[in-house]
Every structure is written in C-alpha cells, then in structure tokens.
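I have placed the structure first, in the form of structure tokens, so that the comments after it can refer back to it.
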Amino acid sequence: MSSPQLDKTYNPKAVEQQWGAYWAEHKLFQPRPTEESESYSIVIPPPNVTGSLHIGHALNHTLQDILIRWKRMQGLTTLWLPGTDHAGIATQNVVERQLQAEGLGRDDLGRAAFIERVWKWKEQSGNTILAQIQQLGASCDWDRLRFTMDEGLSRAVREVFVRLYEEGLIYRGERLINWCPRCLTALSDIEVEHEDIKGTLYHIRYALTDDPEIYLTVATTRPETLLGDTAVAVHPEDPRYQQFIGKQVKLPLTTRSIPIVADSILVDREFGTGAVKITPAHDFNDFEAGERHGLPSLTILDYKARIDPLGLKNAMVDADILALLSLKSVEDARPIVTEALKQRDLLIQEEDHPMALGKCYRCKTVVEPYLSPQWFVKTAPLAAPAIEAVETGAIRIIPDGWKNNYLGWMRNIKDWCISRQIWWGHQIPAWYCRTCNKEHLLETGHAVGTTAEEGILTEPIRMSCFITSDAKPIVSKTDPTVCPQCGGSDVFQDPDVLDTWFSSALWPFSTLGWPEQTPDLKTFYPTSTLVTGLDILFFWVARMIMMGIKFTGQVPFRDVYIHALVRDAEGQKMSKSKGNVIDPLTKMSQYGTDALRFTLASMASPGRDIKLAEERIEGYRNFATKIWNAGRFIQLYADGAKAAVPPASRPFPDQWILSRLNHCIREVNQALENYRFDQATSHLYQFIWHEYCDWFIELAKPSLQQEHHPDGPVTRQTLVESFEIIQRLLHPVMPFITEEIWQSFPHEGMSIMTQPFPTEHPGWTNSQAEHDYALLQGFVTTTRTGRALLNIPATAPLTIWGTTTNPVETANLQKLQPYIESILRSTLQLTPTATWPSAHILQLVNGNLTVGIPIESNLDLQQVVKKVKKQVEAKHKEYSRLQDRVASPTFREKAEPSVIQESEARLTNLRQELDLLTSSEQQLANMLT
RNA sequence: GGGCGAUUAGCUCAGUGGGAGAGCGCUGCCUUCACACGGCAGAGGCCACUGGUUCGAUCCCAGUAUCGCCCA
C-alpha cells in the first residue's frame with residue numbers, strides 16, 4: 001500500500017478539518033466494548049449552553065482528550081461523554097438582556113413564552129460550543145450527547161428531589177438567604193463572591209430608655225440597617241457593660257426600645273466598642289443571634305434592596321425619616337441616615353475600616369441577606385459519606401493538596417439553598433392546593449418581595465415569596481391533578497426552579513440513564529476520572545460526590561484531577577472587560593490545534609496557575625513543523641527497508657535510539673499515570689527534537705545517503721519503525737499531525753487513534769549503546785566548541801586528534817570513529833597525546849576525553865587562552881570544594897558509603913581533567929611566546 | 001482574621017538532602033540536498049531573606065518579606 005508524499009510545509013487547517021471529519025464519519029470515538037476489557041470513562045464538565053469556548057475549556061478538554069485517547073489506545077472500553085449545562089441564571093440573564101434591547105421584560109412575555117424564547121436561543125447558540133469542542137479534537141462520543149434539561153435528565157432530577165423530600169433531606173423554610181437584587185433570586189452561599197473594600201465604621205450612640213444621659217456606643221459598618229435592629233449585644237464577661245445587660249435602649253430614629261443582650265458568640269470584645277447592634281433580617285450572624293435570643297426580625301429592605309416604607313412603618317421609624325428614605329437604595333440611604341444621626345448628635349465617630357462585600361457571581365451586583373421562604377437540601381447527612389469517600393481514598397483528589405480544602409469545606413457544610421426565583425431551569429416538583437393552604441398564600445397584602453404603601457401592592461408578587469413557609473406542598477414524581485387531601489383540583493406548581501448545580505450534581509449517573517439500570521450505567525459507572533478546575537470544587541465536585549453516593553451507593557468517580565486556572569502572560573485573570581482574553585480558536589487557526597494542545601498540556605504543572613504566553617504556542621508550532629519535516633525526510637528513505645531485525649543486530653545509532661525510545665515510552669506512560677501532563681510533553685519534546693532529530697537522524701544519514709551502504713536497509717527499517725511508534729506516543733497530545741503522518745506512511749488499520757499505545761520493549765534498553773552515545777556526543781560537542789573558539793567554519797574538513805584516559809574508552813571511541821567522522825565531516829586520529837603535533841594543536845578536555853584541533857598559525861590565541869583559563873578556574877574551584885569534603889573526618893564518618901565512593905571517584909576524574917586542562921593551558925602559553 | 005500555595009537565568013517555569021536545569025529571549029557563526037518555524041556554539045543564576053536541623057541545605061524545619069488563591 002503506497003501513500004501520498006507529505007507536502008512541503010505542514011498546513012494544520014486542512015489536516016485538522018480532514019481528519020476531524022474522518023473520525024466523526026467513522027464514529028471512531030464510540031466505545032468499542034469487548035468481552036474482557038475494562039472500561040474507562042469521563043463525563044465532561046458540561047459547559048454552559050450559551051457559552052463559547054474559552055481558554056479554560058481548551059485546557060480542560062485537552063487534558064481529558066489526552067487521557068481518553070491514551071486509554072482508548074491502551075485497548076480499554078473508553079467513553080468520553082459530552083454535554084452542556086442549561087446554566088439557569090446565566091442563561092436567563094443573557095436572554096433577558098436581549099429582551100431589554102427590544103424594550104421588553106420577562107413579565108411582558110410571561111413564563112411560557114419566555115421559556116420558549118430561551119429554548120430557541122439554546123438551539124441557536126447551543127451548538128456553537130459543541131462545534132468548537134470538536135474543532136479542538138475532543139474525542140467525545142457525540143451520539144451520547146446530553147443536556148441537563150433534556151427529558152432523561154429531568155426525570156432524574158425529579159426522582160432525586162422527591163426521594164430527598166420524602167426522606168426529609170429537602171425542606172422548605174423561611175431563612176435568611178443571599179439575594180441578588182438584580183437577578184431577583186436567592187443564591188446559595190457559594191454563589192456569593194467576596195470583595196475587599198474600604199468601608200467605614202460608624203460609632204453610634206444608643207441611649208438607655210430609662211436614663212437618656214447614659215448611653216452605649218455601638219459600632220457598625222451598615223448604619224442604615226439600624227432601623228431594623230431588635231437588640232444590642234455585649235459580651236457577657238465584658239466589665240464595661242455588665243450593668244447594662246437586660247436593660248433597654250432607645251433605638252435612634254425610631255420610637256422603639258430594644259433590649260441589651262449578652263452574647264459571647266456574636267460579640268468580639270476587641271472589635272469597635274465591644275457593643276454591636278443586632279439586625280436579624282439583614283445580617284447572617286445577627287440572624288443566628290436573633291434566634292438564640294428569641295428576637296423578632298424586622299425587614300426594612302425590599303426585593304430590589306430598596307428601603308421598604310412598609311418595613312419602616314413596622315419598625316416604628318420616625319415619620320420624617322421614613323419619608324426621606326422611602327424606596328431609596330442602600331447606597332443613597334446610608335448618608336441620609338448618618339446625616340440624621342449627626343443632627344441628633346448620635347453619631348460619635350467615623351473611622352476607616354476594611355470590609356468584605358458580597359457580590360453575585362453572575363452579575364457582580366452587591367447581594368443582600370434577605371429573609372424569605374426557600375427550599376433547602378439538608379446537607380450534613382449527605383456530606384458524611386462524601387467525607388469518608390475522600391478520607392479512605394475511595395476517591396483520590398489530585399493534586400492531593402486540595403484534599404484538605406475539600407474536607408474542610410465539607411465538614412463545615414451549610415444547608416444548600418436550591419430554589420431560584422427565575423424561570424429557566426427545572427421547576428420544583430411541588431404543588432400547592434389553594435383550598436388547603438388558604439391562610440398560607442399571600443395573594444394580597446404585604447408579602448416579602450412586594451413594595452407596598454399601607455399594604456397595597458405596587459408591583460407584581462415575586463415568584464414563590466407569596467407562599468409562606470407554613471404552606472403544605474404536594475411533592476410528586478408525576479404532576480398531580482387533584483389535592484390528595486381535599487380532592488380539590490385547584491392546585492398549582494411552585495413557581496421556583498432548582499439551582500442549576502442541582503442537576504449538575506447528578507451528571508455522572510443521570511447522563512448514563514439513571515434511574516434506569518441501563519447497560520451504559522453498568523459499564524461506565526463509576527466513572528474513572530473527573531477533570532475540572534478548582535473553581536467548581538464546591539459547586540460541582542462536592543455535590544456530585546454527595547449525590548452519587550446517595551443515589552447509586554457508589555462514588556461517582558475514582559480520581560478527581562484538578563487543573564489550574566489559565567491566566568494571561570501577566571498573571572491576570574482573563575476577562576472580557578480587561579481585554580486580555582486569549583481566544584483559543586484564534587490561536588488554533590494561527591498556530592494549529594496540536595500546538596495549542598501541546599502548550600496547554602505542557603503548562604499543566606500541578607498546583608500552579610498557568611500564565612499563558614503566546615511565545616510558547618509558537619514554540620510548539622515550531623515543534624510540529626520539526627516533526628513534519630522529520631517525516632518528510634524519513635519518507636525519502638522509507639523504501640527499501642528490511643524486515644524487522646533484532647535490535648542486537650542493528651548498527652549502533654539504531655540500538656541507541658531504540659533504547660532512548662524505550663525510555664521515552666516508559667516516561668510518557670508513567671507521567672500520564674500520574675496526571676503529569678507537563679512531564680509527558682516535556683519528555684516527548686526532548687526526545688523527539690533533541691535525541692531523535694538532532695542525533696539519530698544525523699547519525700543515520702551516512703548509511704541512508706551512501707549508495708549500497710551495508711547498514712542501509714536495517715537503518716531504514718529502524719527509522720520507519722521508530723517514527724511510527726513516536727507518532728503513536730505523541731498522538732494523545734497531538735492527534736491531528738500524528739494521524740496525518742501515520743496515514744501517509746504504509747499502514748494497516750483505519751486510524752492511528754485505534755492503534756495500540758506504545759509499551760516498553762524488554763530487549764530495547766541498551767546501556768552500552770547509551771554509554772557509547774555519551775562518549776560520541778562528548779567528542780562531537782567538544783570538537784565543535786573548539787572549532788567555534790578557533791573560528792573554523794563547521795564545513796571545513798579537518799583532522800581531529802582524540803584520546804581518552806583509559807584503554808576501554810579508547811576502544812569504544814575507535815568503534816565510534818566512522819560516526820564521529822561523518823558528523824564532524826573530519827578525519828580522526830585516535831592516538832595518545834604524546835604522538836600529537838603539540839605545537840600546532842589546541843587541546844580541549846571534557847571528562848576523560850581529550851580532543852586536539854589543529855591551529856592555524858596566524859590565529860589570535862588570546863581569546864582561546866582566556867577561555868581555557870576560565871575553565872581551569874572553574875574546575876579548580878569545584879575540585880577544592882570536593883577535596884575539602886572528602887578530606888573531612890565527619891563526612892567520612894557519617895555520610896553514606898556510596899556517597900563517599902562517588903565523591904572520591906569524581907575527585908579523581910576532576911584531578912585528571914584539571915591536569916589535562918592545565919597542560920593544555922601551558923601548551924597554549926608556550927605557543928603565545 | 002483563618003487556611004493554602006508561590007518566591008530558582010532577562011521572561012515563563014521544571015527540579016533534587018551531596019556536581020544548578022528546560023523553553024523562549026539574547027550574542028556569535030552558518031543559507032551544508034528534512035526543517036531559517038532551521039543548525040552549531042555561547043553568555044547569563046550567593047535557587048527571596050534570617051535563623052535552625054545535618055558531616056553536608058536551593059531542597060527539611062521555624063520565622064520575616066512580597067505576591068497569589070480559598071474561606072470568614
């Protein structure tokens with residue numbers, strides 16, 4: 001079977017397109033189950049359906065594809081399952097922005113029409129990212145593509161919800177949650193990002209109700225919320241405040257009095273004045289303190305984080321203040337409140353105070369703690385086995401430095417707020433009977449999430465907030481039509497949807513067909529490896545572990561490989577607003593996909609963020625070209641190869657390169673076993689370029705290029721054979737170029753991707769050949785250094801003199817003579833130095849080698865002398881340091897015998913080298929005079 | 001405030017209880033029939049700082065400084 005010749009230059013674009021289509025057409029990414037083989041599976045971290053491929057995806061997918069291609073070639077039944085995530089809030093925001101551009105809001109469309117619109121958008125843009133993932137070469141089984149809101153996954157979501165509810169692990173309750181006043185929905189704790197800002201600490205006077213002359217000074221960073229205070233807290237053991245505990249203070253700007261309570265948890269005696277206000281409805285710590293002390297909660301902000309006039313009225317705020325503050329934002333309200341305090345001489349002091357501000361992870365709006373009825377997952381019982389799984393090693397986290405991070409978070413896990421007041425997502429499978437819940441549905445009047453004057457609604461009720469936490473839901477796998485309690489048919493579904501991460505948590509098993517016991521689930525679950533970034537360790541990984549164990553009784557994956565974040569060359573996080581985004585697609589078309597993949601893999605060192613510099617991609621593009629040209633060269637000599645000959649019967653360069661190839665195979669496999677993609681690529685690069693191309697091909701040239709050279713046929717065989725193995729070894733990282741090269745050589749089989757991955761050959765490792773190579777390389781580089789030093793062009797044929805310090809090495813050198821002569825294009829005289837025409841020779845020393853290079857009489861030797869002097873100095877320094885050590889009695893007494901032996905041997909060698917160098921220095925000096 | 005990590009050549013980063021490494025960049029030479037996206041040679045580093053452990057520390061330990069991340 002003959003194949004077309006390789007083009008002169010590598011054209012990644014055409015090659016990638018061709019083979020991408022070929023792989024897809026022949027469905028080569030599908031698992032090929034065989035009776036015996038074990039399985040290897042990865043589920044993709046589903047990218048957002050509306051997203052486009054960014055560099056983080058490129059890294060994530062490249063690493064997964066390397067693993068998958070590697071395991072597939074190893075013969076395992078391999079599945080990489082692709083899919084996308086509906087990404088509730090993020091996607092809804094995108095579509096709402098589109099509507100906004102048309103002058104519409106979601107309420108204008110209504111729920112059904114809005115959701116329809118999002119589906120349309122999903123269909124339109126959802127395939128963009130999939131096409132881009134394919135372009136990257138990702139060998140996912142596209143026939144198994146899933147989406148978090150497709151039918152099967154939705155069934156799994158409902159199954160899980162109902163079962164957790166029935167077990168009491170899902171409940172609804174009125175709690176303080178994080179609320180985004182722009183997205184108008186609850187968020188879970190981890191969906192809040194904290195940002196450090198310069199804040200102000202206000203010291204405010206709270207006078208005793210009984211004795212206005214006496215007052216407490218309360219310190220707060222949020223003075224506007226004092227209107228909702230329901231107590232002041234001091235430390236029970238703080239002598240300053242002992243006498244106040246149990247008394248009442250008059251709350252500034254209101255007609256209310258509130259108690260002074262003792263609380264050792266809330267109060268830090270060192271902070272501020274040691275007295276803090278308690279505002280249960282607007283601060284998480286205060287909420288808990290309120291519960292400890294049975295304090296009421298007064299909500300003074302509405303769902304848009306504006307001052308709620310009705311709330312102020314309930315809080316008995318002075319009428320003039322109420323009028324000033326009504327519907328003001330927090331930002332605007334703060335100066336109004338502080339000004340009012342100042343006027344009443346209640347503001348004592350303002351000081352700078354750094355503080356953390358919580359922001360919505362989707363839109364960066366400042367979030368507010370907000371009291372509202374929400375759905376929660378009771379996490380503690382789910383977390384316990386998830387902690388155990390990692391502790392016992394049933395799940396490995398790699399690198400294991402993140403293990404403690406995971407465990408720490410899991411051990412302190414808070415209940416998970418899973419309801420979102422948006423429309424795009426899995427609607428909560430809970431229904432309410434209007435008849436049975438008459439008193440628990442706030443159809444009119446002031447509900448949380450409304451803005452009202454005197455209880456009259458001015459805006460539509462927000463989503464679920466009108467259903468009080470007392471309402472009794474009907475939670476069911478199938479939609480109920482009648483109320484099981486009263487038989488009435490006036491039931492409606494909870495309008496909230498689930499947190500997008502709820503469905504993601506089921507991903508490893510829901511995508512394989514669960515709750516059905518499908519063959520896929522049997523074959524591929526638990527999955528083998530999860531590859532993800534650190535940023536979603538808690539959002540996703542932790543929850544998958546909890547849900548996986550809970551519902552399948554097995555861990556969802558064996559290994560979790562956590563890769564780094566990709567930053568720009570300056571180490572900054574990439575973001576559109578900074579304009580420092582590196583677009584992987586641009587780079588792929590600029591340098592080739594293989595080059596980008598190799599770059600990302602090479603930078604994936606554990607525990608460190610990746611600063612992506614463009615020069616690296618360029619460098620690996622050059623590497624691809626290098627391989628390409630090696631392929632072109634080999635193709636010139638591919639014909640006339642002899643059938644395989646045992647390595648021992650091959651010439652020295654062949655023996656050497658097979659030994660090195662064997663070494664590289666071992667290193668690459670080992671690196672991949674350990675998820676050291678950086679080491680795998682570095683071994684490949686080093687071996688292919690600096691051993692195979694730089695030396696083997698050069699050493700092979702004489703036997704290839706001289707007609708009828710006796711080694712010709714065998715060398716051709718070695719060349720073709722080793723190059724084919726290299727393609728397979730490199731394939732998982734650089735799938736396109738390796739396929740192209742492999743296909744253009746004679747081959748059997750459809751694709752390189754289904755060929756076996758290289759394994760070590762027991763007979764290939766050859767220490768004698770490696771030793772000889774080191775000798776040869778030493779001789780060649782020493783000669784070249786001398787040539788450069790003497791300004792002799794590399795092309796000029798010379799007579800080079802050479803010898804070693806022992807007969808065995810000299811014999812080895814004689815054996816290598818033809819190879820050295822051809823590489824140096826010179827003639828060798830391998831005789832003892834005594835026989836050299838020393839007056840006209842520069843002697844150079846390298847280990848136990850001495851090389852002599854003829855000197856033109858008219859050459860300026862000053863520079864050469866300088867160089868040799870420098871060398872002598874360096875060697876001498878090393879020598880005396882080593883000598884001191886070897887001579888030290890404590891060293892001789894305490895060091896390992898092998899270390900002593902080695903040091904002594906090195907000392908002897910150094911002595912020899914030093915002697916030789918000194919003599920050559922002397923000889924040069926003589927020539928100068 | 002708590003935790004974790006980093007600090008090695010101009011830049012980006014490997015690495016090891018006993019002789020400091022790579023890639024890129026830089027300097028010089030070379031268009032020799034696979035490749036100038038190339039070849040050859042070379043310069044460049046008290047391995048952040050201060051102590052400690054050790055016969056011996058860039059590596060282990062403690063502290064300091066700077067930077068980064070996570071959590072509160």
Side-chain angles (χ1 to χ4, degrees), chain A residues 6 8-10 189-190 193-194 268 270-271 284-285 354-356 358 399 401-406 408-409 412 534-535 537-538 564-565 567 569-573 591-592 595 599 602-603 605-637 676 678-679 681-682 685-686 689-690 693-694 697-698 701 704-705 780-789 791-796 823-825 867 875 878-879 881-882 884-886 888-896 898-900 902-903 906-907 909-910:
Chain A
L6 296 176
K8 246 188 162 172
T9 51
Y10 176 55
D189 297 342
I190 50 177
E193 292 174 352
H194 294 275
D268 172 6
E270 309 299 318
F271 177 80
F284 288 98
N285 291 320
M355 54 186 278
W402 303 121
K403 191 169 143 182
N404 285 335
N405 222 3
Y406 167 88
W409 187 75
N412 278 303
L534 184 67
D535 48 336
L537 181 64
F538 304 142
L565 232 67
R567 300 171 175 278
E570 272 75 52
Q572 304 237 331
K573 210 166 172 171
Y591 300 110
T599 308
S602 75
M603 302 191 84
S605 299
R608 200 193 260 264
D609 280 347
I610 296 173
K611 285 185 207 167
L612 187 60
E614 184 148 354
E615 300 83 71
R616 288 289 292 263
I617 314 175
E618 200 184 330
Y620 294 123
R621 186 269 319 261
N622 297 352
F623 178 52
T625 307
K626 186 78 183 175
I627 296 164
W628 185 255
N629 281 297
R632 286 180 56 221
F633 174 80
I634 291 164
Q635 207 160 51
L636 289 175
Y637 300 102
R676 289 303 301 266
D678 57 329
Q679 292 178 347
T681 50
S682 141
Y685 186 92
Q686 183 63 30
W689 198 317
H690 297 307
C693 292
D694 285 354
I697 289 184
E698 294 307 318
K701 273 180 180 172
L704 297 172
Q705 295 175 335
V780 170
T781 55
T782 306
T783 306
R784 283 170 174 167
T785 305
R787 266 213 251 226
L789 215 51
N791 266 325
I792 303 170
T795 41
I823 269 195
L824 289 173
R825 292 159 203 254
K867 167 101 187 175
K875 289 282 174 202
E878 198 185 337
Y879 179 80
R881 208 172 47 195
L882 199 60
D884 286 352
R885 183 203 293 167
V886 170
S888 150
T890 45
F891 173 74
R892 304 202 72 86
E893 193 184 323
K894 303 204 174 179
E896 300 264 330
S898 65
V899 173
I900 299 175
E902 195 200 315
S903 297
R906 238 174 70 219
L907 194 66
N909 287 340
L910 271 174

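The basis for the numbers below is simple: all heavy atoms, side chains too, and nothing from hydrogens, waters or symmetry mates. All values reported here derive from a predicted model rather than from experimental measurement. Throughout, a chain's letter reflects where its sequence line sits, starting with A, and its residues are numbered from 1.
Straight-line distance between the C1' atoms of B:C46 and B:A41: roughly 28 Å, to the nearest whole Å. Spacing between B:C59 and B:A48 at atom P, rounded to whole Å, works out to 8 Å. Comparing the same atom, C1', in B:G42 and in B:A9 gives a spacing of 14 Å after rounding to whole Å. Between the P atoms of B:G45 and B:U8, the separation comes to 15 Å (whole Å).
Comparing A:Glu896 and A:Thr785, the nucleotide of RNA chain B nearest to each residue sits closer to the 5' end for A:Glu896. The 5' end of RNA chain B is approached more closely, in terms of each residue's nearest nucleotide, by A:Gly401 than by the other of A:Arg676 and A:Gly401.
Look at A:Arg825 and you won't find any side-chain N or O under 4.0 angstrom from OP1 or OP2 of B:C40. Under 4.0 angstrom from either OP1 or OP2 of B:G38 there lies at least one side-chain N or O belonging to A:Asn622. Dashed line: the shortest gap from a side-chain N or O of A:Lys701 to OP1 or OP2 of B:U32 is not under 4.0 Å.
In this structure, the nucleotide among B:C55, B:A20, B:C37 sitting nearest to the side chain of A:Arg881 is B:A20.
Side-chain contact between A:Leu636 and A:Gln705 is absent, with no heavy-atom pair separated by less than 4.5 Å.
A:Asn629 contributes atom CG, which lies 11.0 Å from atom CG of A:Asn622 (distance to the nearest 0.5 angstrom).
Side-chain atoms of A:Arg885 stay outside donor-acceptor range of the base of B:G56, with no qualifying N/O pair under 3.5 Å.
Nucleotide B:C4 holds its P atom 15 Å from the CG atom of A:Leu534, rounded to whole Å.
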